[in-house]
Amino acid sequence: MLVVLGVGWGSTQSLGKMATATGHQPFGLIFWQLAVGAVALGIVSLVRRRGMVFTREAMVFHVVVATIGTLIPNATFYAAVVHLPAGIMSILISTVPLIAFPMALALGLDRFSTLRLGGLLLGLAGVALIANPGGGVGVSLGWVMVAMIGPLFYAMEANYVARGGTAGMDAVQAMFGVCVVGMVMAAPIAWGTGQWVDPFPMGRAEGALVMSSVVHALVYSSYVWLASRAGSVFASQCSYLVTASGVFWAMILLGERFSPLVWVALVVMLAGVALVQPRRLATTTS
C-alpha cells in the first residue's frame, strides 16, 4: 500500500504538466481539480456515511486550508510547471517538511535538533544545486522560486493543522469540505480573470486533469486509512516514494531526461528530508 500511494501520488506532477499543455490557465484547472476531488471524496463520504461538517470552526478551517493549501500553491504549481520539468517539480515538492521545521520551531510546536538542522541545510543545498544558473540543469532561477511558493504554503498549512487541529473532523471529512469550499472560491476567480476551462470536448490535457484529480483524492483517502492502521510515522514515508516516483513518471510520461547534477540534488534532498522527519518517541508499558 505504501508503494501504491507513493507511485500514485508521484504521477500527479506529470499529469499536471500534461494538463497545461494546451494553454489552460491555473484557476480554471484548479476549479475542475477541486470539483473532481469533491465528487470522488463525496462518494467515499457517502459510503462512510460521514459527510461535510458545517460548524463555524469547520468552515473557518475549510476556507483557510483551501486558500493556503490549494488555491495559492496550486496556482503557482500550474504557472511554474509550464516552464519547469515535472521531475524538477517533484524534487522541489519534497522541501515541504524542510520548510515546515523552522516554522514549527518559531511557533513552539517542535524542539531544536542539531541533526534536523543538518537535514534542513542538506535540503537547501539540494535546492541550490537545482537553482544554480551555472550548474548545467538548464532551468530558470525565477521559475524555481515561483515553484517554491507551493512548498512554502504547504508548510504553512501543515503547521496550521498541527497547531489547531481539524475542527473535530476526520481527515476525509476535512478534505471533502476543503474541496467543496475551494471549488466555490475558485469558480468566480477563474471566470472573472478569463481563466475558465471548458473540459469538453475532452482531449489529452483534460483527461490528464481528471485523472490527476481522481488519483489525488483517492490516494489521499488511502493515506488516511494507512495512517490509521500503520501509524502516521510509517505512512509519512510515502513522501520519499512520491518524490522518486515523480521523477521516473516524468521520464516515462513526458520523456524528460536529467543531468547528473539533478540526480545529486535528488539524493541530497531526500537525505535532508530523512533527517528532518520527526521521530516517534519510544514508549514503555508497565
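What you are looking at is a predicted structure, and each value in this text was computed from that prediction instead of being measured. Hydrogens, waters and symmetry mates play no part in the numbers below; they use all other heavy atoms, side chains included.
There is a path of hydrophobic side-chain contacts, each under 4.5 Å, that joins M103 to L117. Clustering ILVMFWY residues whenever any of their side-chain heavy atoms sit less than 4.5 angstrom apart, transitively, puts L141 in the very cluster that holds W143. Tracing side-chain contacts under 4.5 Å through hydrophobic residues (I, L, V, M, F, W, Y), one never reaches V219 starting from V47; they form parts of separate clusters. Both M1 and V242 are part of a single hydrophobic cluster, where members link through side-chain heavy atoms under 4.5 Å apart. A single hydrophobic cluster is seen to contain both V60 and I68, as judged by linkage of ILVMFWY side chains at heavy-atom distances under 4.5 Å, directly or through other members.
Distance check, rounded to the nearest 0.5 Å: CG of L275 to OG1 of T114 gives 11.5 Å. Note that CD of E206 is 5.0 Å distant from OG1 of T22, once rounded to the nearest 0.5 Å. Rounded to the nearest 0.5 angstrom, R116 CZ and D110 CG are separated by 4.0 Å. Rounding to the nearest 0.5 Å gives a distance of 8.5 Å between CG of L124 and CD1 of I99. The CE atom of M18 lies 6.5 Å from the CG atom of L254; values are rounded to the nearest 0.5 Å. Considering CD1 of I72 and OG1 of T67, their distance stands at 6.5 Å, rounded to 0.5 Å.
Using a 4.5 Å heavy-atom cutoff, the side chains of W9 and W249 are not in contact. Considering only heavy atoms from C-beta on, V181 comes within 4.5 Å of M52 through its side chain. Looking only at side-chain heavy atoms (C-beta outward), W191 and F31 stay at 4.5 Å or farther from each other. Side-chain contact between F176 and M169: absent, with no pair of heavy atoms (C-beta onward) separated by less than 4.5 Å. Side-chain contact between L15 and L209 is absent, with no heavy-atom pair separated by less than 4.5 Å. The closest side-chain heavy-atom distance from T12 to M211 is not below 4.5 Å. Using a 4.5 Å heavy-atom threshold, the side chains of V178 and F61 count as touching. Between W263 and V247 there is a side-chain heavy-atom pair separated by less than 4.5 Å.
In this structure, A100 and N159 approach most closely via the heavy-atom pair O-ND2, 3.3 Å. Across G87 and A250, no two heavy atoms sit closer than the pair N-CB, 3.5 Å. G10 and S245 get closest at one heavy-atom pair: CA-OG, 3.4 Å. For the residue pair T95 and P151, the shortest heavy atom distance occurs at OG1-CB, 3.3 Å. Residue H24 comes nearest to A205 through the heavy atom pair CD2-CB, 4.3 Å, listed as atom of the first residue, atom of the second, then distance. Contact detail for V81 and Q13: the closest heavy-atom pair is CG2-O, 4.4 Å.
Partner of L34 under the side-chain contact (heavy atoms from CB on, under 4.5 Å) criterion, out of L29, L71, N74, V39: L71 alone.
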Pair R50-V172, side-chain contact (heavy atoms from CB on, under 4.5 Å): steps then yes or no:
CA-CA 9 Å; R50 301 188 70 177; V172 175; over 6 Å; no
V127 vs M269, side-chain contact (heavy atoms from CB on, under 4.5 Å): CA-CA, chis, key distance, verdict
CA-CA 8 Å; V127 175; M269 195 88 73; 3.8 Å; yes
Evaluate F258 against M251 for side-chain contact (heavy atoms from CB on, under 4.5 Å), listing each step before the verdict.
CA-CA 9 Å; F258 306 101; M251 296 174 69; 3.8 Å; yes
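No side-chain donor-acceptor contact under 3.5 Å links E57 to the backbone of A167. Not one N or O on the side chain of K17 forms a donor-acceptor pair closer than 3.5 Å with the backbone of A86. Looking only at distances, a side-chain donor or acceptor of S11 sits under 3.5 Å from a matching main-chain atom of G8. A side-chain donor-acceptor contact under 3.5 Å links S94 to the backbone of I91.
H216 and Q33 form no side-chain donor-acceptor contact under 3.5 Å, judged by distance and modelled atom types alone.
The environment of CZ in R204 is sparse: at most 12 heavy-atom neighbours from other residues, nucleotides or ligands sit within 6.0 Å.
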